[in-house]
Amino acid sequence: MKEKFQIWSCGGGVQSCAIAALIIQERLPRPFLSVIADTGRECQSTWDYLNEVINPALDKVDHCLRVIRVSAAEWGYYHNTGHEVFNAQGTLKIPIYTNESGQVAKFSGYCSSDWKQEPIDRWLRAQGVEKNQAVKWLGYGKDEQKRWARALTSKEYYLGLLRLPLVQDVPMNRHECQSLIKSMGWPKAPKSRCWMCPNQRDEEWLELTTEEFAAAVEFEREMQKRDPNAWLHKSCKPLDQVDFTRPSDLFSEMCQTGGCFT
């Protein structure tokens with residue numbers, strides 16, 4: 001039987017920062033490798049926090065613990081550089097809104113699989129860790145029952161290839177994760193996300209830097225050259241014409257996989 005390796009798949013968000021704190025406090029075992037996928041569109045706040053807070057703190061314990069950034073552009077499949085919005089069949093990968101039928105609908109997305117999971121799997125193989133050897137840590141909190149319940153019924157979990165540290169090892173909800181981060185003396189952790197993600201709430205669109213928002217506007221325009229009915233906002237208006245100050249429906253934009261915000 002091949003040896004299995006504990007791989008911390010860091011998402012860069014609140015739960016992942018809590019996992020880093022638990023590793024430092026020795027309340028979780030040290031992973032064999034710590035990795036985070038770089039889609040090429042992650043908000044800069046995620047990288048700033050990783051570079052200025054998380055990795056320096058991990059370095060003090062063991063330099064080998066630091067989170068390694070894996071580029072989707074370098075490790076994506078040949079037809080998917082990690083930067084393409086459409087797959088080889090012309091299907092959109094991101095969960096965009098569409099008004100093609102005259103009513104607003106939302107697509108399912110699989111960008112997390114193509115831009116995060118697959119590049120990390122390929123990078124791990126290059127390090128000598130096959131997919132059936134990697135026990136990946138997912139940062140679902142104990143309050144995210146739908147997500148961790150789905151994970152616990154997956155084939156990967158059945159094969160012993162998934163670990164849920166914040167559900168099984170040290171059960172914590174999001175509030176408890178935030179309290180732990182604060183107790184470490186660290187600043188408030190950012191919410192990890194891509195700057196063009198349609199799952200952002202209006203207040204999160206407002207949090208983008210000027211450069212990130214401009215990039216999202218250009219991203220939408222380029223996307224609409226191939227699909228003029230695809231939109232990044234539920235209003236189905238050009239992004240630079242949306243009034244983000246209006247009250248937002250709390251449940252209108254939600255990631256269904258949870259893979260990005262761990």
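It should be emphasised that the depicted structure is a prediction, and the values quoted were computed from it without experimental measurement. As a basis for the values below, the full set of heavy atoms in this structure was taken, side chains included, without hydrogen atoms, waters or symmetry mates.
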Closest heavy-atom pair and its distance - [X], [Y]:
| X | Y | answer |
| --- | --- | --- |
| P198 | Y97 | O-CE1, 3.7 Å |
| M223 | I94 | SD-CD1, 4.0 Å |
| C17 | G12 | SG-O, 4.2 Å |
| S192 | G13 | CB-N, 3.7 Å |
| L92 | Y110 | O-CE2, 3.8 Å |
| A57 | I24 | CB-CD1, 3.7 Å |

Ignoring hydrogens and angles, tell me if any N or O in the side chain of [X] forms a donor-acceptor pair with the backbone of [Y] under 3.5 Å.
| X | Y | value |
| --- | --- | --- |
| E212 | Q44 | yes |
| Q127 | W123 | yes |
| Q224 | A230 | yes |
| N51 | W47 | yes |
| S34 | L65 | yes |

**Item:** Hydrophobic cluster partners of L159 (side-chain heavy atoms under 4.5 Å)
**Value:** Y158, L161
Side-chain heavy atoms of [X] within contact of [Y], under 4.5 Å:
| X | Y | value |
| --- | --- | --- |
| T98 | F107 | yes |
| L208 | Q200 | yes |
| I36 | V70 | no |
| W205 | L232 | yes |
| C10 | I19 | no |
| W137 | L28 | yes |

Can you name the side-chain contact (heavy atoms from CB on, under 4.5 Å) partners of [X], sequence neighbours left out?
| X | value |
| --- | --- |
| E222 | E218, K225 |
| V217 | F213, R221, L239, D240 |
| S235 | H233, K237, V242 |
| P187 | Y49, V53 |

For [X], which residues count as a salt bridge (charged side-chain N to carboxylate O under 4.0 Å, His left out) partner, sequence neighbours excluded?
| X | value |
| --- | --- |
| E100 | none |
| K131 | D121 |
| D59 | R66 |
| R69 | D38 |

**Asked** What residues, two or more places apart in sequence or in another chain, satisfy side-chain hydrogen bond (donor to acceptor under 3.5 Å, both in side chains) together with E204?
**Response** K191
**Message:** One thing to verify: whether E42 and R193 come together as a salt bridge, which I'm taking to mean a side-chain N less than 4.0 angstrom from a carboxylate O.
**Reply:** no
**Pair D143 + R174: basic N to acidic O under 4.0 Å** = no
**Request:** Not counting sequence neighbours, list each pair that qualifies as a salt bridge (charged side-chain N to carboxylate O under 4.0 Å, His left out) and has a residue in residues 151-162.
**Result:** none
**Message:** Please evaluate residues N199 and K106 with respect to the criterion side chain to side chain donor-acceptor pair (under 3.5 Å), reporting the C-alpha separation (whole Å), side-chain torsions for both, the decisive distance (0.1 Å), and the verdict.
**Reply:** CA-CA 10 Å; N199 288 321; K106 196 168 190 288; 2.8 Å; yes
**Prompt:** Looking at residues at least two apart in the chain, or sitting in another chain, which of them share a ring-ring contact (aromatic ring centres under 6.0 Å, His included) with F5?
**Reply:** F32
**Asked** Is R41 positioned over the aromatic face of W115, cation under 6.0 angstrom from the ring centre and no more than 45 degrees off axis?
**Response** yes
**Message:** side chain to side chain donor-acceptor pair (under 3.5 Å) for Q168 and R163? Distances and angles first, verdict last.
**Reply:** CA-CA 8 Å; Q168 300 166 308; R163 184 171 185 165; over 6 Å; no
**Asked** For the atom pair SG (C236) and CH2 (W231), what is the distance rounded to the nearest 0.5 Å?
**Response** 7.0 Å
